[in-house]
Amino acid sequence: MTGSAAAPASTTAAEALVDLLGMVAYGELSAFERMAADARLAPDLRRRAALSEMAAVEIANYGRVAARLTALGADPEVAMTPYVGVLQAYHDSTEPKDWLEALTKAYVGDGVADDFFHEMAKLIDEPDRQLVLDVIHDKRYDEFAVTEIRAAIEADPKTRNRLSMWARRLVGEVLSQATRVAGQRAALTTLIVTSGGDQAAVQALFRRMTIAHSARMSALGLNN
């Protein structure tokens, strides 16, 4: 009786891990595609090269996560597929019009996603915990985006309001899609609830993400 009771919990944990890694893998693949495309919006070759180099990091990260999924006996494509529609809906509704909007989108949108992955990494065991922490957004990009955006605001203070409104729209879309994912992927939700003790754990997680977002907006010099 004890053995049969333990199996479902183990199965749920395994499913949650594959779900999480599938989400991370598709996030990395999507980030590569978006950065490579956004590089064409760069105002000069130096900035285009910088963003292209960061895109290369994202595709390398995707390879690491995909390899881990394969090692776990999962098909990376199957693990990523549930997230394609959600991320596509987000990107379709938040297409940047220019270089600064593209930078803000990656900094704010990917930042919120990274906060979520960082929280989820706390709930899984090694070596997967460290893998997730290793591949979440490269801090070089954060530094690059902050420098570019703050310089643009200093050059034209009216840019602040435009980008603040854009960032608020972005985070609203990200949290909406994150809530949708949490509701659809039962294994992930179970992992959060089991670790936190009750359903309030999910709400607490999103509160921490909101606080982290506020700090990120302050770093950019934007109104929250």
Side-chain angles (χ1 to χ4, degrees), residues 9-32 34-35 54 57-76 78-84 86-87 90 106-143 145 171 174-175 177-216 219:
S10 176
T11 300
T12 300
E15 289 173 354
L17 177 59
V18 170
D19 268 3
L20 177 60
L21 293 182
M23 189 193 308
V24 174
Y26 189 67
E28 294 298 318
L29 180 60
S30 180
F32 160 73
R34 192 186 63 253
M35 282 189 180
M54 293 173 202
V57 173
E58 301 290 357
I59 198 62
N61 286 340
Y62 159 76
R64 292 180 62 189
V65 182
R68 178 56 179 160
L69 281 164
T70 300
L72 291 170
D75 182 331
V78 172
M80 291 188 292
T81 297
Y83 307 105
V84 174
V86 172
L87 272 178
Y90 166 69
Y107 179 76
V108 172
D110 288 359
V112 173
D114 286 348
D115 292 338
F116 177 75
F117 293 144
H118 191 274
E119 291 284 344
M120 294 302 293
K122 299 174 185 176
L123 311 180
I124 60 177
D125 296 328
E126 298 292 359
D128 300 296
R129 176 183 300 171
Q130 192 59 51
L131 173 62
V132 172
L133 294 176
D134 284 347
V135 303
I136 57 178
H137 216 56
D138 194 319
K139 294 305 177 188
R140 290 180 303 166
Y141 183 85
D142 291 350
E143 295 166 1
V171 76
V174 171
L175 292 176
Q177 298 300 340
T179 302
R180 179 181 164 192
V181 168
Q184 290 179 346
R185 309 307 296 174
L188 284 179
T189 304
T190 300
L191 178 63
I192 298 170
V193 172
T194 301
S195 300
D198 54 33
Q199 191 66 34
V202 178
Q203 297 175 348
L205 183 151
F206 282 107
R207 279 198 300 272
R208 290 193 296 272
M209 289 171 59
T210 301
I211 292 170
H213 166 68
S214 297
R216 194 175 297 110

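Note that this is a predicted model, so its numbers are computed, not measured.
Here the closest heavy-atom approach between residue R34 and residue A106 is recorded as NH2-CB, 3.9 Å. Residues M80 and G22 approach most closely at CG-O, 3.4 Å, considering heavy atoms. Contact between N61 and E28 at its shortest, heavy atoms only, is CB-OE1, 3.3 Å. The minimum heavy-atom distance linking R129 with K122 is given by the pair NH2-O, 3.5 Å. Considering every non-hydrogen atom in both Y141 and Y107, the closest pair reads CE2-N, 3.9 Å. Closest heavy-atom contact between E126 and Q130: OE1-N, 3.1 Å.
For the salt bridge (charged side-chain N to carboxylate O under 4.0 Å, His left out) test, residues two or more places apart in sequence or in another chain that qualify with D134 are R64. With sequence neighbours excluded, the residues satisfying side-chain contact (heavy atoms from CB on, under 4.5 Å) with I59 are L29, F32, Y62. Applying the side-chain contact (heavy atoms from CB on, under 4.5 Å) rule to V18 yields the partners L69, A74, A79; only residues at least two apart in sequence or on another chain are considered. Residues passing the side-chain contact (heavy atoms from CB on, under 4.5 Å) test with D115 are M209, A212, R216, sequence neighbours excluded.
Taking OG1 of T81 as the start and OH of Y26 as the end, the distance is 9.0 Å to the nearest 0.5 Å. In this structure, CZ in F116 is found 12.0 Å from CD1 in I136, a value given to the nearest 0.5 Å. If you take CZ on R68 and CG on L131, they are separated by 7.5 Å, rounding to the nearest 0.5 Å. Of the inter-residue distances, the one linking L17 atom CG with T12 atom OG1 reads 12.5 Å to the nearest 0.5 angstrom.
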Could you walk me through whether R207 and T210 pass side-chain contact (heavy atoms from CB on, under 4.5 Å), step by step?
CA-CA 5 Å; R207 279 198 300 272; T210 301; 5.6 Å; no
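Without hydrogens or angle criteria, Y83 side chain to D19 main chain gives a donor-acceptor distance under 3.5 Å.
Considering only heavy atoms from C-beta on, V132 comes within 4.5 Å of L21 through its side chain.
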